[in-house]
Asks: 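Can you read through this structure? Questions will come right after.
Numbering of ligands and ligand atoms starts at 1, following listing order.
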Amino acid sequence: MDSNLGEVAKTNTVLLTGGTGYIGSHVAVELAMSGHSVVLLDNLSNSRASVVDRIAQITCKPVQFIRLDMLDYEGLCAVFEQYNFDGVIHLAGMKAVGESVEKPLEYYRNNVGATINLARCCCKYNVVNIVFSSSATVYGTNANMPLCEDNDTGCVNPYGWTKLMSEQILRDVARSRKDCNIALLRYFNPIGAHSSGLIGECPNDIPSNLAPYVLKVASGQLPYVRVFGNDYDTVDGTGVRDYIHVVDLAKGHINALDKLNTNCGLVTYNLGRGKGYSVLEVIAAFERACGRKIPYKFVQRRAGDIAICYASVDKAREQLGWQAQYDIDQMAIDGWKWQQYYVKNLFNE
Ligand code: NAD
Ligand code: UFG
């Protein structure tokens, strides 16, 4: 275990697993800005240590970081020994759908294993407030839009199953421990970046998700966007998704933590905008943001994709008092700003 902590006194604070990742770094900023003390934990398998300094630069606050693999249960116990956590936000996990089909056991071992170790530590050290990053993928091929939290679930790939299994594990923990409060947050499609341009998504390989792919085309690293299908029953024939600015998504975690403090038991919320955009509408927004044409070609539908997916966001609005603020243009503007910073400063890091 590596850490920049040294010998620190026990403090009340939030543990953020996956804290150096794309969403985690934005949640870290929102936690710090809302007065929480935060400890980031990550094994850096899909992120970089340098993000810790950039989070500190944005927040003007020191950031504590522990490099640890969550599958190391003893190491995780040592972290819980060191702190008196008020709550845990659990984002650490592998997230590539296609890769999960090729390497299912790695995904089950890592994602489910990490959740079990975290839940064991929470029980052992009496940490009763847990926020978990789930996904709209748990709704499977359900075509009843908008998707509500009480809709049927079911998955079509191992990644999705790791989310649904983790949800179930946490649900059972909540049943067995009446003092436990758990928020299952089902993210829709987070894109964009912090307005500072200092943090954002930096996929190591060729991205499989639309927005980072579009950004690589916009910055000349890839020749054109492959638009997967133009014969769906949608506004322009291309797939429709509920894109949400990652900063809005990150803010939702603060509302969820507040909710847990009301001793609410287990709760589930969609975090989306409740509005769908087509692939072509997304490309157009990025063209406006970067002021250049983004070439694309229509190709075959991608296996496993559904035509339309968007959230009902009523429950989060009513019970969390949370609602996304930023529109697709702001997502594209901030994403483009980040992409330029990344290419200039981090590309060869
Ligand atoms: P990310 O890959 O940028 O961040 C995940 C972080 O977890 C990475 O920094 C990685 O190094 C770390 N990690 C993985 N396994 C670990 C382990 N065993 N121990 C410690 N650290 C580990 O991904 P993200 O987009 O920030 O996603 C965060 C969470 O949100 C993930 O659980 C993901 O499944 C979920 N989610 C993401 C999306 C999306 O579109 N980005 C959508 C729905 C849900
Ligand atoms: N798309 C393209 N070309 C690309 C990539 C995507 O046309 O190069 C299209 C897809 O067909 C889809 C839309 O863009 O219509 C969005 O695709 P993404 O891969 O960006 O996102 P998905 O909705 O397929 O899935 C993402 C995450 C899942 C998560 C889900 C809901 O990858 O893990 O959002 O949160 F479950």
Asks: Once you round to the nearest 0.5 Å, how far does OH of Tyr73 lie from NZ of Lys124?
Replies: 4.5 Å
Asks: Is it true that Asp314 and Arg317 make a salt bridge, defined as a side-chain N closer than 4.0 Å to a carboxylate O?
Replies: yes
Asks: Identify which of Tyr187, Tyr232, Tyr213, Tyr243 has a heavy atom lying nearest to atom 13 (C) of ligand 2.
Replies: Tyr243
Asks: Tell me whether Asp327 is salt-bridged to Lys275, with the criterion being a basic N under 4.0 Å from an acidic carboxylate O.
Replies: no
Asks: Tell me whether Asp334 is salt-bridged to Lys337, with the criterion being a basic N under 4.0 Å from an acidic carboxylate O.
Replies: no
Asks: Does a side chain donor of either Tyr243 or Glu281 reach within less than 3.5 Å of an acceptor in the other side chain?
Replies: no
Asks: Taking the six-membered ring where the residue is Trp, are the ring centres of Phe85 and Phe80 under 6.0 Å apart?
Replies: yes
Asks: Name the residue from Thr17, Val88, Thr115 that meets the side-chain contact (heavy atoms from CB on, under 4.5 Å) definition with Phe132.
Replies: Thr115
Asks: What protein heavy atom is closest to atom 28 (C) of ligand 2, reported as residue, atom name and distance in Å?
Replies: Val97 CG2, 4.3 Å
Asks: With a 4.0 Å heavy-atom cut-off (strictly under), which part of Thr137 contacts ligand 2: side chain, backbone, both or neither?
Replies: both
Asks: So, 4.0 Å and heavy atoms of Tyr139: is ligand 2 close enough to count as a contact?
Replies: no
Asks: Rounded to the nearest 0.5 Å, what's the gap from CG on Asp86 to CG on Asn261? Could you check?
Replies: 7.5 Å
Asks: Between the side chains of Tyr342 and Glu201, is a donor N or O closer than 3.5 angstrom to an acceptor N or O?
Replies: no
Asks: I'd like the name of whichever of Phe188, Tyr159, Tyr277 reaches closest to atom 35 (O) of ligand 2 through any heavy atom.
Replies: Phe188
Asks: Indicate if Val97 and Leu210 have the same hydrophobic cluster label, given that clusters are the connected sets of ILVMFWY residues with side-chain heavy-atom separations under 4.5 angstrom.
Replies: no
Asks: Starting from atom 7 (O) of ligand 2, find the nearest protein heavy-atom neighbour and note its residue, name and distance.
Replies: Phe228 N, 2.9 Å
Asks: Tell me whether Arg273 forms a cation-pi arrangement with Phe188, defined as NZ or CZ under 6.0 Å from the six-membered ring centre and within 45 degrees of its axis.
Replies: no
Asks: What's the shortest distance from atom 3 (N) of ligand 2 to any protein heavy atom, and which residue and atom give it?
Replies: Arg226 O, 2.7 Å
Asks: What protein heavy atom is closest to atom 9 (C) of ligand 2, reported as residue, atom name and distance in Å?
Replies: Val279 CG2, 3.7 Å
Asks: Can you pull out the closest protein heavy atom to atom 32 (O) of ligand 2? Residue, atom name and distance to 0.1 Å, please.
Replies: Asn209 ND2, 2.8 Å
Asks: Which of the atoms in ligand 2, numbered in the order shown and given with their element, are less than 4.0 Å from a heavy-atom of Asn189?
Replies: 21 (O), 22 (P), 23 (O), 26 (C), 31 (C), 34 (O)
Asks: Any idea which protein heavy atom is nearest atom 11 (O) of ligand 2, and the distance to it?
Replies: Asp305 OD2, 2.5 Å
Asks: What do you reckon, are the aromatic ring centroids of Tyr269 and His253 less than 6.0 Å apart?
Replies: no
Asks: Quick one: which of Arg302, Lys163, Arg301, Arg241 has a heavy atom closest to atom 24 (O) of ligand 2?
Replies: Arg302
Asks: What residue and heavy atom of the protein are closest to atom 29 (C) of ligand 2, and at what distance?
Replies: Ser135 OG, 3.4 Å
Asks: Do Arg54 and Gln57 get their side chains close enough for a donor-acceptor pair, meaning under 3.5 Å?
Replies: no
Asks: Give me the nearest non-hydrogen protein atom to atom 20 (O) of ligand 2 as residue plus atom name, then the distance to 0.1 Å.
Replies: Leu210 N, 2.8 Å
Asks: If you count only heavy atoms, which residues are under 4.0 Å from ligand 1?
Replies: Gly18, Thr20, Gly21, Tyr22, Ile23, Asp42, Asn43, Leu44, Ser45, Asn46, Ser47, Leu68, Asp69, Met70, Leu91, Ala92, Gly93, Lys95, Asn110, Ser133, Ser134, Ser135, Tyr159, Lys163, Tyr187, Phe188, Pro190
Asks: Looking at non-hydrogen atoms alone, which of Gly229, Gly239, Ser208, Pro190 comes nearest to atom 5 (C) of ligand 2?
Replies: Ser208
Asks: Where on Val240 is there a heavy atom closer than 4.0 Å to ligand 2, on the side chain, on the backbone, on both, or on neither?
Replies: neither
Asks: Verify whether one side chain among Asn181 and Asn263 offers a donor that lies under 3.5 Å from an acceptor in the other.
Replies: yes
Asks: Mark up the atoms of ligand 2 that fall under 4.0 Å of a heavy atom belonging to Val227, in ascending order.
Replies: 7 (O)
